[in-house]
Structure formats: C-alpha cells, structure tokens
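What follows is a single structure, written as structure tokens, with notes after it.
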Amino acid sequence: MNELLEQLAICIERGKVNLQSPFPVDLKGQEGADELTKRAIENSIPAEVILNESLMVGMQKVGDKFEEGKAFIPDMLIAAKAMNAAMVHLKPFFESGEVELKGDFIIGTVAGDLHDIGKNIVRMVLTGGGWNVIDLGTDVKAEKFVATLKEYPNAFIGMSALLTTTMMQMEVTTKAIKEVSPATKVFVGGAPLSQEFSDRIGADGYFPDPNKFVKYLSQAI
Amino acid sequence: MNELLEQLAICIERGKVNLQSPFPVDLKGQEGADELTKRAIENSIPAEVILNESLMVGMQKVGDKFEEGKAFIPDMLIAAKAMNAAMVHLKPFFESGEVELKGDFIIGTVAGDLHDIGKNIVRMVLTGGGWNVIDLGTDVKAEKFVATLKEYPNAFIGMSALLTTTMMQMEVTTKAIKEVSPATKVFVGGAPLSQEFSDRIGADGYFPDPNKFVKYLSQAI
Amino acid sequence: MKKFTKIAISNEEDLIMGKSLFPVTCGNNLTIGAGKVYPEINFTLPTMMITKETIPEVKKHYSEIMDNILNRSKILNIPGLVVEFEQLPPMTDVPEWGAEITELIKKELDKFYVETGIPNALRVTVLDLRDADHPPLLRTGIASEKTISGFELCAQAGADILSIESVGGKEVHDQALMYGDLHGIAASLGILSYRDMGWLWDNITSIAKKYGCITGGDTACGFSNTAMQLAGQGMLPNILAAIDRAASAPRSLAAFEHGAIGPSKDCAYEGPIIKAITGYPISMEGKSSCCAHFSPLGNIAAAAADLWSNESVQNIRLLSGTAPEAFMELLAYDCRLFNKAIESNNALELRNLMVESDVEHSVEALILEPNVVIEIAKAIVNKESGYEKTKAAIETAYNSIDVSLSNNKISLSNTEIEWMKKIEEEISAFSKTEEEAVEYLEMMYGTFFSSQAYGL
Amino acid sequence: MKKFTKIAISNEEDLIMGKSLFPVTCGNNLTIGAGKVYPEINFTLPTMMITKETIPEVKKHYSEIMDNILNRSKILNIPGLVVEFEQLPPMTDVPEWGAEITELIKKELDKFYVETGIPNALRVTVLDLRDADHPPLLRTGIASEKTISGFELCAQAGADILSIESVGGKEVHDQALMYGDLHGIAASLGILSYRDMGWLWDNITSIAKKYGCITGGDTACGFSNTAMQLAGQGMLPNILAAIDRAASAPRSLAAFEHGAIGPSKDCAYEGPIIKAITGYPISMEGKSSCCAHFSPLGNIAAAAADLWSNESVQNIRLLSGTAPEAFMELLAYDCRLFNKAIESNNALELRNLMVESDVEHSVEALILEPNVVIEIAKAIVNKESGYEKTKAAIETAYNSIDVSLSNNKISLSNTEIEWMKKIEEEISAFSKTEEEAVEYLEMMYGTFFSSQAYGL
Ligand code: B12
Ligand code: B12
C-alpha cells in the first residue's frame with residue numbers, strides 16, 4: 001500500500017481529524033484525515049481506492065480493537081469523525097453512485113422510556129456496519145414506528161426498552177407493525193429483556209450484543 | 001359449662017390422650033381425653049354436647065393458638081390424637097347421621113415431585129376444617145387425579161409442587177381435569193408458585209397459606 | 001444558599017459506617033447516622049404496563065411487597081428500616097398515582113411501627129420527567145410542573161424523605177461521555193447540572209418545609225453510574241468512569257447547598273465525598289444491589305454508609321419467596337454485621353477490610369478509598385464556583401490514580417494507560433473561566449441544550 | 001470404615017473460614033481449605049419441563065448460565081471457583097441426561113481455566129431417587145440402581161467432586177418431626193440414616209476411586225433444613241430445629257467415616273461440626289442463599305466456611321442481568337472480604353463479628369457458635385454407635401441452649417420455653433439401647449419404613 005494511504009488509515013483509526021485537532025497527543029501538530037485525503041486526491045489516487053484501501057481499513061481496525069477490548073466507544077466515535085472529515089472531500093466523486101448501503105433500519109426507544117444510551121450504541125454500530133439508520137429517538141409510540149415504516153417499507157425495525165414497565169410497549173408496537181406489514185422483521189433489546197420475552201411478544205429476535213446483531217443482520221439479507 | 005367438659009376441652013387442647021400419656025408434663029398421671037369422654041357419657045351428657053361444647057372447643061383453641069404463633073404443628077397433631085381417642089367413644093352415637101363433612105377434597109403432589117411436607121400440612125388443616133381429604137401422596141400423575149375425581153365427582157382438587165421443573169405438570173393436570181369436568185375447581189400451592197402462575201395455567205387459585213385457603217373454601221361452598 | 005468552605009470530616013478514620021456528624025430523625029422515630037446502619041429496601045414492578053386499568057394490580061404488587069418485607073424485617077428483628085418508593089414514569093406523569101401508592105406504603109409502615117416498635121421511614125423518589133423535551137426546558141413547561149407537583153402530592157401523602165435522580169445537564173453529559181470529552185464532562189456537570197440542582201433543590205426544600213419532610217438528596221446516577229455501567233461493559237475506560245465519579249460530587253453537593261440534609265440517595269456512589277464535606281448521613285448500595293446492576297464497588301461502598309440498600313428488584317418469585325423479601329434478608333444480615341462491628345468497636349477494622357478488598361481490583365474503587373475521598377472533598381471546598389469545584393475534583397482524582405499507578409497499588413491495561421495520557425492532556429487544556437467553558441459547550445453541544453433552562 | 005475418635009480441631013480459634021487441616025485439591029488446580037474461601041455457585045432451571053423434547057433447551061440454559069457466571073468471575077477477578085451442578089429428578093432418572101450436562105459444564109470450566117488461569121472445579125450432586133418407593137427400598141430396586149448409575153456416569157463425564165443429598169431415614173424422620181417426637185428423631189437419624197449413609201457412601205467412594213473424583217460429602221438437608229424451614233414459618237419450635245441440627249451431625253459424619261474427604265455440601269449447616277471432627281474443608285451458605293431459602297444463620301454460616309455458596313437460583317432475568325450472574329457477583333464480594341481478612345490476619349475478628357451478630361437473635365445460630373460446635377463435636381467422637389453419637393449430640397445441644405438461657409445470652413418465647421421442658425423430659429426417656437430404639441421405631445412408624453432397607 002501507498003505510504004500516504006497507510007498514514008491516512010492511521011489517522012482514521014486513531015481519530016486524528018485534522019492538523020488542529022489536539023488528539024491523539026503523539027500526533028499533535030501533524031496532518032490529519034482532512035489534509036491527507038485532500039493530498040491523496042491531488043495525487044490522483046482514485047476515490048474508491050482511498051475509501052476502500054485506507055478509510056475503511058482504518059475503521060475496520062478500530063472496530064476490531066473494540067471487539068478485542070482494546071478500544072472504547074469514544075475511540076470509535078472519534079474515528080468516525082475523522083472518517084467524516086475525509087468523506088467531505090470524497091463525496092463529489094460518489095455524486096451519482098454513492099456507496100451502497102446494506103439497507104434501512106428504523107430504531108427507537110419505546111413509548112414511556114427515555115433510556116437511550118444502549119439504543120445509541122446500537123445505532124452507531126449499525127451505521128458503522130453500513131446501514132442507513134433512521135433514529136426516532138426516545139419515547140416512540142407505536143404509530144410513529146408504523147408511520148416511519150411507510151416511508152421505508154423495506155426497513156428492519158429495532159426497539160429498545162430498559163424499564164420493566166415499558167417492555168410491554170414492545171408487544172403493542174410489534175403487533176401494530178405486523179398488522180400493517182407482517183413480513184417486517186422486528187428486533188428487540190435492552191437490559192431486562194430475554195429471548196423468551198421476544199418469543200412471547202411475537203418479535204423476531206432479542207440481541208444483547210450490538211456487534212453480534214449486526215453480523216446476524218448482514219447474514220439475514 | 002360443666003366442669004368435666006371444661007377439663008375435657010383442656011385435654012384436647014393440650015393433647016392429653018389418656019392416663020398413660022407422658023405429655024404434657026404438668027398433666028402427667030392425670031386422666032386424659034379417653035377417660036374423660038367415657039365419664040361424660042356415663043354422666044349422660046348428650047354426644048352432640050360433648051362434641052360441640054368440649055371437643056370442638058379444645059380443637060378450636062389450639063387452632064387459634066397456632067394462628068397466633070403460640071402453638072406448633074405437633075401441638076395440633078397431638079390434639080388431633082386426643083380428639084381421635086375421644087371420638088372412639090362417641091362414634092356409636094353418630095351411627096346413622098354422622099357428623100356432616102363439608103365436602104370432598106382430593107390432594108396430591110404432582111408427577112415428578114416428592115416434596116410432601118407442605119401438602120401434608122394442607123391436608124391436616126383441611127381435615128381439621130371438616131373436609132374429607134383424599135390424599136394421593138406424591139408423584140401423582142394427571143390420570144390419577146382424573147380417575148379419583150370420577151370416584152368423588154363433587155370434590156375440589158388441590159395440587160402441590162416445589163420444583164420449577166414440575167410446576168408445568170400442574171398445567172398438564174389442570175387441563176386433563178378441566179377436560180373431563182370443566183366445573184371442577186382446581187387449586188395450586190407450593191413455594192415457587194404465584195397467583196400469576198395459577199392464572200397462566202388456568203387453575204382456580206393459588207394459596208400460600210393453608211388456613212386462609214380453608215377459610216376461602218368454606219365461603220366458596 | 002449554604003456554603004461548605006471546609007470539610008466536616010477531615011480525619012479519614014471518622015469517615016465510617018453508621019456515624020455522621022448530623023444525624024437525621026424522621027418517620028416513625030428513626031434516627032439515621034447516629035451509630036447504626038439500617039437497611040434501605042427498594043423494589044419495583046415486574047414486567048407490566050401502568051395504565052388506569054392496571055392501577056389496582058399495581059397497588060396489589062406494592063401491598064404484597066410491603067407485607068413480605070415487613071414480615072421478614074420482623075422475623076430478623078432488624079433495628080430500623082427505610083423503605084424507598086422509587087417512582088416509575090407514569091407515577092409522576094399522573095402524580096395522583098404516585099401519591100396513592102405513597103399513602104398505601106406509609107400506612108403499612110405506621111401499622112408496622114405500632115405492632116413491632118421498629119423505627120422506620122419512607123423515602124419517596126419522584127421521577128424527574130424534565131428530560132422528555134429536546135432540549136429539556138427544566139424550569140418551565142408541563143414536565144417541570146408535573147415533577148414539582150409530584151413532590152407536593154407525595155409530601156402531602158406521607159413521604160418522610162424526599163429524593164430525586166435529577167437530570168439537568170445530562171443531555172450534554174451523555175454526549176461528552178460518549179466522546180470521552182473530559183472538558184465537556186467537567187463543564188456539563190460543573191456548570192449546567194450544578195445550576196439546575198440549585199434551582200430544583202430550592203423548590204424541593206420549600207415543599208419539604210411546608211409538609212415537614214426531610215430533604216434526602218440527589219444522585220449523579222444518570223451521570224457517573226451510566227459511566228460505570230458503560231465501563232463495566234468495556235465501552236468506556238474505567239479511569240474515565242472513576243474520574244466522572246469525582247466530577248459529579250460538586251453537582252450532588254449542590255442539593256446540600258440548597259437545603260438537603262441527608263440521607264443522600266443510595267445510588268449516589270459519590271456519597272462518601274458528600275458525607276466528608278457536609279457531615280450528613282448517606283445511603284449506599286454495593287454487593288447487595290447485584291439484583292439491580294453490577295459494579296466494581298461491592299464492598300467498599302459500605303465503608304461510610306448510614307443506610308445500606310439493594311437499589312431495586314422486581315417483585316418476582318425466587319425459590320425462597322419474592323425477590324424483595326429475599327433482598328430484605330440480605331440487607332438485614334449485612335447490617336447486623338456492620339452494627340455488631342460498631343457496637344464492639346471494630347467498625348474501623350471492618351471498614352478497612354471492605355475498602356482494601358476492592359481497591360486492589362478497581363480504579364473506580366480507588367476513588368472511594370477514605371483518604372482519596374477526603375482529598376477530593378478538600379479540593380472541592382477550597383473552590384468557589386461549581387465549575388472550579390468540578391475541575392478540582394477531577395484533578396485530584398487524576399492525581400490519586402497517577403500516584404497509585406506509580407506505587408503499583410493498582411494496575412491498568414495498556415489501553416487504559418493510553419487514556420491516562422489523554423486525560424492529563426485534556427485537564428491541562430480546561431477552560432480557565434466559566435464563560436469560556438459555556439462557550440465551549442455551545443460550540444460543541446449547542447443543539448442539545450438550551451441556555452435559558454439553566455438561567456444562563 | 002474410618003473412625004474419628006478424637007476431634008481434629010479442638011481449639012475454637014482454629015475453627016475458621018478458609019482453613020482446614022486437610023485441604024483438598026481437585027479439578028483445574030483448585031485447592032480448597034488452604035487459606036482462601038472460594039465461591040461455590042449454584043443454579044437451576046426456570047419454570048419448565050424436562051423431557052426428551054426440551055433437553056436442547058435445558059442445555060441452552062446451562063450454557064447461558066455458564067457463560068454469564070464465568071464472565072462475571074473474570075471481571076471480578078476471583079481467585080478460584082467451584083460450580084455445583086445439582087441435578088433435578090429427570091436428570092438422574094435418565095442418567096445420560098445428567099452426564100451430558102456434566103460434560104457441557106466441565107468443558108466450559110476447562111476452557112475458562114486455559115483462558116484465565118483461574119483454578120476451578122465442578123461438583124455434581126446426583127439426585128437421590130430412592131425415596132420414590134413407599135417404603136423406600138434404598139439398597140435394591142430400580143431407583144437405587146439409577147441413583148448409583150447417576151454417579152458412575154457423571155464421574156465418567158467429568159465431575160470433579162461427587163455429592164448427594166441422601167434421604168435414608170427421612171421417611172421416618174419426617175413423621176417424627178411433625179409430631180415433635182424427639183425420640184423418633186434421634187432413632188431415625190442415629191440408626192436408620194446413619195446405616196444408610198454407610199452403605200451409600202461405600203458405593204460412592206468406590207466409584208470415585210475408579211474415576212479419580214473427590215468424595216465431597218452429604219447433607220442433612222431433608223432433615224434439619226426441613227426443620228429449619230418449618231420453624232421459620234412458625235410450624236415447629238426453633239429449639240426443636242436447633243436440636244435437630246445437632247442430631248443430624250453424626251449422620252452426615254457417616255459419609256466421612258465411609259470415604260468422603262470434603263468439601264462437604266453447602267446446605268449441610270452441620271458442616272462446622274464435621275469440620276471440627278474431621279479437619280476436612282466444608283462448603284457453607286448463609287445470607288448469600290437468600291434466593292433459595294430464608295434462614296436465621298445468614299452471617300454465622302460463614303464462620304468456618306471454605307467454600308461460600310448461594311444454594312440455588314433459577315436462570316431468570318433480574319434488572320442487572322441473569323440471577324446466576326448476580327449471585328456470582330454477591331459471592332465474589334463476600335469471598336473478597338473473607339480473604340482480605342485472612343490475608344491481613346483479621347479472620348478471627350471477622351469470624352467473631354459474624355458469629356455474634358446472629359447468635360443473639362436465634363437459638364439455631366447458637367448451635368453453630370464455634371465453642372458449641374466443638375462441644376458437640378467432642379460429645380460425638382466420644383461415643384461408639386450412631387445412635388449413641390446422636391443422643392450425645394442432642395444432649396449437648398440441649399444443655400448449651402439451657403445454659404445460654406440461664407445466662408440470658410439468648411431469650412425465647414414462652415411457647416418455646418414450654419417445649420424446652422418437653423424436650424428435657426423426652427431426653428431422659430430415650431431408649432438405652434439401639435435394639436430398644438428400633439423397637440420403638442417399629443411400633444410408632446412401622447408402616448413407613450422397611451427394616452431390610454437398612455440391613456436390620
Ligand atoms: C443510565 C440509567 C439511567 C439514566 C438514563 C440515561 C440515558 N440517557 O439513557 C437515567 C438516570 C436518566 C435513568 C432514569 C431512570 N431510570 Co434508569 N437506569 C440506568 C442504568 C444505570 C444503566 C442503563 C444503561 O444505559 N446501560 C448501558 C447500556 C449500554 O446498556 P443497554 O441499555 O442494556 O443496551 C445494550 C444492550 O441491551 C443492547 N440493546 C439495547 N437496546 C437495543 C435494541 C436492539 C434492537 C438491540 C438489538 C440491542 C439493544 O445493546 C446495548 C449495548 O450493548 C440502568 C441500570 C441497569 N442495570 O441497566 C437503570 C435502570 C434501567 N433505570 C431504572 C429506573 C427505575 C429509572 C427511573 C424510573 C429512575 C427514577 N426513579 O428516576 C428513570 C426512568 C426514566 C424514563 N422515563 O425512562 C431501573 C429500572 C427498573 C424497572 N422497573 O425496570 C434500572 C434497572 C436501575 C435500577 N433502579 O435498578 N436511568
Ligand atoms: C425440605 C426440602 C426437601 C426435602 C423434601 C422432604 C419432603 N418430604 O417433602 C428433600 C431433601 C427430600 C428435598 C429433595 C429435593 N429437593 Co428440595 N427442598 C426442601 C426445602 C428445603 C423445603 C421445602 C419444604 O418442605 N418447605 C416447608 C413447607 C411447609 O412449605 P411448602 O412446601 O411451600 O408448603 C406450604 C405452602 O406452599 C402451601 N402449600 C403447599 N402445597 C399446597 C397445595 C395447595 C393446594 C395449597 C392451597 C397450598 C399449598 O402450604 C404449605 C404450608 O404453609 C426447599 C427450600 C424452599 N425454599 O422451599 C427445597 C427445594 C424446593 N428443593 C429443591 C431441590 C433442587 C430438591 C432436589 C432436586 C435436590 C437434590 N438435588 O437432591 C430434590 C428433589 C426431590 C424430588 N424428586 O422432588 C430446590 C428446588 C429448585 C428448583 N429447581 O425448583 C429447593 C427450592 C431448594 C434449593 N435448592 O434451593 N427437598
């Protein structure tokens with residue numbers, strides 16, 4: 001691999017956005033994803049090559065590290081920031097045929113529940129895994145899920161609940177969804193749930209671990 | 001009340017069976033339920049009076065004490081022994097029209113489960129409360145309950161289970177019973193159960209406390 | 001506003017279980033922090049909905065729970081008891097429901113006191129509804145009104161102690177935490193949360209005065225416990241969670257600056273820092289709350305506890321009986337041990353064992369080590385503003401970790417060590433003034449919060 | 001048959017947590033009773049049936065449980081672990097099922113050892129099916145064969161430690177207990193149970209030798225724990241339950257006379273007496289088993305424990321995670337405390353706090369006070385036959401209670417005091433010889449048991 005691309009991959013992996021960004025400390029004062037991407041384009045490296053052989057490589061690395069317990073969520077988020085800075089320059093080249101996404105995914109925390117940290121992590125992992133995520137936020141009523149499904153008829157749906165007293169909203173919502181669209185797959189998650197609960201309410205699966213979930217989804221399509 | 005009947009009631013309450021019985025210590029060497037009942041009959045006290053104004057009074061007292069936490073199961077069992085010793089003499093007088101029982105009650109621990117201490121206590125309390133109890137023992141299969149119900153078609157049924165893995169036998173058994181006799185009332189008990197579980201399996205009620213259960217039954221008929 | 005300019009407990013040996021400088025008497029003759037540790041039992045509903053139709057069933061659950069825990073309390077002959085009724089969203093959303101359940105529980109406690117003579121009190125934790133709006137309005141709007149009216153109605157219905165897990169500043173802290181942005185963490189806790197706490201606790205205090213209730217305290221649950229959970233799942237560095245804990249102490253202290261007098265809330269693991277500063281009694285939870293969440297603080301949490309809690313458990317069946325009754329038993333035995341140690345002058349030894357047993361395993365436990373607690377407490381009282389206090393708490397915590405690392409008292413993975421460097425760097429780049437820090441928040445997280453909500 | 005004619009631990013200060021005279025090494029490099037207390041985690045299925053059809057689901061539960069408890073063990077960095085797989089009836093009834101689950105668990109433990117280096121062992125407790133017949137045949141018949149083959153297959157499948165909660169004599173003890181007939185209690189435990197234990201443990205020992213397993217021990221669960229449960233519910237006097245505990249020690253000792261070497265079974269609260277007599281390590285459960293049953297022995301149970309257990313909990317969800325994982329955390333923290341105390345030479349102080357905190361509340365706890373334990377142990381080893389040992393244990397326990405009452409060390413309700421008198425009377429009327437006692441059993445309970453089953 002080209003040295004420039006290698007360096008760019010490192011900037012993504014380590015979350016070095018641009019020249020000004022103070023972190024990581026040991027890269028202080030050096031160029032970041034922003035500058036290096038610009039330079040790569042100037043050097044006439046094709047956009048696909050920059051994306052696939054550098055940016056994606058960096059993202060993959062930080063993702064792998066996270067799974068091994070050698071990186072944390074902030075590391076992934078900061079890598080995503082660096083990635084975004086790079087993508088600004090690549091966007092024009094993908095004008096017509098943008099990077100193909102795996103599909104649509106509607107996610108939200110059910111009505112009456114405001115816990116969203118878990119849901120946000122799932123969103124992040126899905127986005128990182130190449131899904132177009134429509135995040136409806138928290139306290140999302142059944143009607144809202146249904147209405148959104150009309151806009152994205154092929155979407156998968158994911159719901160989160162952290163309270164024993166909002167878990168049953170998942171049943172209400174699943175029923176409402178399956179009524180208008182029996183083929184839509186509905187997944188549930190959140191600390192107090194279980195596979196048994198998912199079965200009971202007629203959902204299509206319970207996943208405690210977002211990474212395993214994304215892997216499962218990729219195989220499902 | 002007659003002094004003799006009062007003394008007899010005390011013998012029942014305290015479980016003094018007869019002259020020989022060594023307990024209670026402070027009544028050692030005194031006459032017991034056996035002798036005093038004989039004497040009451042000799043004194044021409046009517047059998048109903050002996051039963052209702054003495055024997056039942058004694059049993060009631062020990063029962064009350066038990067509920068207040070001032071007596072234990074052995075106290076009740078020993079009182080029941082004294083009562084039996086007295087009844088031997090009264091039986092002839094009830095020849096034709098014996099004391100009327102409240103009804104039939106079939107009880108057993110479900111298939112696969114050998115825990116019977118709780119069930120035995122329920123049996124004792126039911127018997128004490130005037131029920132004709134048919135005890136099928138432990139490890140009782142659904143068919144056995146159904147067969148016994150044919151012999152006692154108006155019986156209530158009670159099942160006990162102490163294991164999470166035999167609780168579901170209660171559902172099987174309840175279904176089998178309701179199939180042949182939808183009107184039969186089926187009650188369940190045992191440490192790991194709950195009202196919610198009873199509802200779920202289609203039983204007619206869960207009772208953790210045998211005394212409350214007997215009271216409930218008396219009102220139900 | 002009450003200012004704490006020096007710490008109440010400066011000798012680490014006095015920061016100990018069952019003993020506070022200003023015991024609190026409440027409810028049915030219960031005095032907290034005067035030489036005994038009492039159980040604070042907590043519980044919640046099993047999987048079910050709360051609607052008008054299910055309210056009778058909801059109440060049946062609370063009655064059953066009360067029967068069971070009071071039965072167990074009596075059998076185990078406990079010296080005293082706090083029951084916490086922590087509301088679920090619909091119970092504050094329809095404040096009358098919360099009040100009705102409060103009344104039901106209070107009646108049971110009163111009857112229990114008459115029957116057994118066992119002192120007791122009821123803590124009601126109203127739900128902070130104010131984060132339903134985006135951005136949260138906090139001081140205005142229907143969610144804010146309902147939250148305040150929840151306090152009013154529950155106070156009236158018989159609550160002895162008022163508490164809340166308040167959420168001001170969380171909308172920003174959540175974001176900063178996910179990015180590991182320590183500057184954002186410091187500013188959201190030290191400025192936003194700190195200001196909201198002042199406003200909120202002035203309100204709670206005046207309601208408490210009106211009805212003669214005790215103002216218990218607040219908790220940084222949504223802040224540092226979230227961080228602890230995430231660190232526990234490998235999503236955040238443990239050192240970040242440890243430092244977030246210290247950073248949240250000034251925010252929770254604000255309740256006491258605005259009228260709270262303890263017992264502080266169980267899930268406020270920053271409690272020992274509050275106790276050192278104020279001298280008021282605290283409630284804590286540790287291994288006994290394994291039913292509600294995992295933590296690296298199972299034993300050390302008890303070091304300075306005046307109440308010992310299980311945080312929360314659903315009303316479901318275990319093999320022994322219902323889960324609330326089972327955890328009542330657990331708390332009762334833990335408290336027996338604590339109280340026997342106090343009675344026989346062995347509390348300090350027991351405390352030290354509990355402390356040491358956890359510190360060697362966790363940097364989050366290190367922050368709760370009595371000497372570290374006192375250092376952080378001192379750093380906090382030396383500073384003027386909420387932001388200054390928060391920065392000082394962070395610096396002190398960082399230094400303690402650093403020293404313990406050099407001493408080999410604790411050890412960290414390489415991944416965590418990387419973060420130590422990052423944090424050091426961030427600390428040195430903190431905004432000097434509160435104004436600059438607010439500017440930073442607006443630049444980074446401007447879309448998430450509203451300045452007016454904080455009177456900024 | 002091994003005879004214990006004097007006690008191994010005669011100084012009450014040496015009867016202490018984590019330290020035995022004859023540590024046992026087993027499984028993946030785990031040494032029990034040599035200076036550390038380890039968690040012994042227990043679990044069971046949630047409400048479900050076990051049939052051929054559900055076996056895959058059953059196994060999924062055990063896999064999930066293992067994943068969760070090993071994950072928590074690793075996070076909390078525990079020094080070692082025993083996992084108990086306690087079979088449910090169909091798992092011994094179809095011994096292959098029990099063996100398959102044994103294999104599954106053992107594999108997980110082996111993998112865990114390779115990955116983490118944390119020493120561990122698997123205890124398999126086979127179900128005693130032999131009480132399905134009325135009267136129980138015990139030494140013959142299909143139930144007996146299956147029970148023995150359960151041991152054989154599980155030993156082969158990887159069990160490190162073999163245990164059972166055996167039931168010989170229970171058919172009579174159950175009756176005697178309900179009538180409060182102390183003579184019947186003494187004779188059923190001292191003659192029937194004691195004889196059955198000899199037969200059964202000779203068999204278990206020879207299987208263990210064949211496969212290189214450790215012979216853990218038995219428990220009087222069906223005897224004195226039943227009595228404790230009933231007393232806890234107000235159905236029997238507490239003093240009767242306390243005395244029944246002492247009475248069951250000779251019966252449980254019989255396992256050790258016939259080859260057991262510990263760790264004894266968790267629910268054998270008579271464990272400390274066994275440890276004093278034999279010097280072998282024991283497993284105990286206390287407040288940590290609040291999920292499985294309530295007890296008046298929450299703290300004192302830990303006094304001499306080498307393993308610390310939660311007895312059993314269903315694989316259901318709590319708010320934190322699954323219940324087995326939650327109780328794994330609880331045990332880990334309790335053990336941290338015990339081990340820190342041992343490490344810092346404070347074990348005796350901690351032990352005394354735990355002992356004293358319970359003794360003042362319960363006559364059942366009094367029987368487990370180290371000095372009482374040692375007295376009972378001495379009384380037992382001084383006698384020849386099982387019946388003599390049992391009578392001596394009862395008398396010693398009675399006297400200890402009597403003395404503590406006079407000293408006002410404990411207090412009892414009037415109803416209980418009445419029973420003290422009754423018990424005194426009964427003790428003085430015990431049959432002198434074993435023959436007379438057998439005659440008494442035949443007269444009173446002849447229909448419930450078969451003499452041949454005991455080789456009588
Ligand atoms: C942080 C927290 C809060 C924060 C929430 C912050 C936020 N923005 O979300 C605050 C403080 C605001 C809060 C408030 C309350 N909380 Co809260 N909270 C927690 C806590 C400590 C951690 C939750 C968390 O974020 N975990 C970390 C995340 C990463 O895990 P997660 O959500 O499980 O998600 C993971 C997986 O489940 C999965 N996943 C999640 N969703 C989905 C969806 C799909 C499709 C898939 C595939 C996967 C998936 O992936 C995630 C990543 O691994 C829990 C304790 C606990 N044991 O869980 C209590 C807890 C859930 N809360 C509880 C309570 C009671 C409350 C309050 C009612 C408290 C009160 N009285 O004030 C309010 C309710 C607010 C409301 N209306 O919803 C109780 C619930 C009790 C019950 N009856 O159910 C708990 C269990 C604490 C307790 N008391 O024991 N809480
Ligand atoms: C004593 C006991 C035994 C004794 C049983 C003696 C006997 N003759 O019954 C022995 C030692 C033999 C035994 C064996 C086993 N046991 Co067991 N046993 C217990 C124990 C300690 C107490 C049960 C008891 O008698 N309680 C006292 C009575 C009075 O209470 P009760 O039965 O609940 O009854 C009351 C009420 O429920 C109600 N009631 C009961 N039935 C009914 C019916 C009706 C109609 C009504 C209205 C009311 C009612 O009234 C009663 C009086 O108030 C429990 C622990 C516990 N927490 O319950 C474990 C327990 C039930 N056993 C357990 C286990 C695992 C077993 C074994 C599999 C152990 C083994 N591996 O060897 C075997 C299984 C044997 C079998 N095939 O059934 C587990 C169950 C786990 C699970 N998965 O469900 C428990 C919970 C212990 C534990 N490990 O935590 N056990």
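Just so it is clear, the model here is predicted, and its values are computed rather than measured. Computed from heavy atoms alone, side chains included, the values below leave out hydrogens, waters and symmetry copies. Convention: sequence-line order gives letters A, B, ...; per-chain numbering from 1.
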Minimum-distance pair of heavy atoms, taken over all atoms of D/Ser320 and C/Cys290: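 It is OG-O, 2.5 Å.
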In terms of heavy-atom proximity below 4.5 Å to chain D, should C/Glu360 be classed as side chain, backbone, both, or neither?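 Looking at C/Glu360, just its side chain touches chain D.
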Where does C/Ile342 contact chain D at under 4.5 Å (heavy atoms): side chain, backbone, both or neither? neither
Between D/Tyr333 and C/Gly298 (side chain of the first, backbone of the second, donor and acceptor by atom type, cut-off under 3.5 Å), is there such a pair?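 Yes, the answer is positive, given that a donor and an acceptor are paired below the 3.5 Å cut-off.
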May I ask you to check whether over 12 heavy atoms, not counting those of C/Lys36, lie within 6.0 Å of atom NZ?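 Counting other residues, nucleotides and ligands, NZ of C/Lys36 stays at 12 neighbours or fewer.
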Answer yes or no: does atom NZ of C/Lys19 have more than 12 heavy-atom neighbours from other residues, nucleotides or ligands under 6.0 Å?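 No.
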Nearest 0.5 Å, please: how far is [atom2] in [Y] from [atom1] in [X]?
X	Y	atom1	atom2	value
D/Glu349	C/Leu350	CD	CG	11.5 Å
D/Ser289	C/Leu330	OG	CG	10.0 Å
D/Leu337	C/Asp358	CG	CG	9.0 Å

Under a 4.5 Å heavy-atom cut-off, does chain C meet the side chain of [X], its backbone, both or neither?
X	answer
D/Ile75	side chain
D/Asn339	neither
D/Asn71	neither
D/Glu329	side chain

Looking at chain C, which one of D/Pro296, D/Ser362, D/Gly321 has the largest number of heavy-atom pairs inside 4.5 Å, strictly under?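 Option with the greatest count: D/Pro296.
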Identify which of D/Glu343, D/His293, D/Glu356, D/Arg72 forms the greatest number of heavy-atom pairs closer than 4.5 Å to chain C. D/Arg72
Please list, in residue-number order, every residue in residues 41-48 of chain D that has a heavy atom less than 4.5 Å from any heavy atom of chain C; write 'none' if there are none.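 Answer by number: D/Thr44.
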Sequence neighbours left out, what passes side chain to side chain donor-acceptor pair (under 3.5 Å) with D/Ser344? Give chain and number order.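 Listed in chain order: D/Asn346.
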Positive for side-chain contact (heavy atoms from CB on, under 4.5 Å) with C/Lys340, one of D/Leu353, D/Asn352, D/Asn299, D/Val355: D/Leu353
Would you call C/Arg336 and D/His361 a side-chain contact if the rule is heavy atoms closer than 4.5 Å? yes
Contact winner vs chain D - C/Arg317, C/Met354, C/Glu311, C/Glu325, heavy-atom pairs under 4.5 Å: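 The residue among C/Arg317, C/Met354, C/Glu311, C/Glu325 with the greatest pair count is C/Glu325.
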What verdict does the side-chain contact (heavy atoms from CB on, under 4.5 Å) test give for C/Leu319 and D/Gln314, after you've listed the backbone C-alpha separation in whole Å, the side-chain angles of each residue and the deciding distance to 0.1 Å? CA-CA 7 Å; C/Leu319 298 169; D/Gln314 309 106 295; 3.7 Å; yes
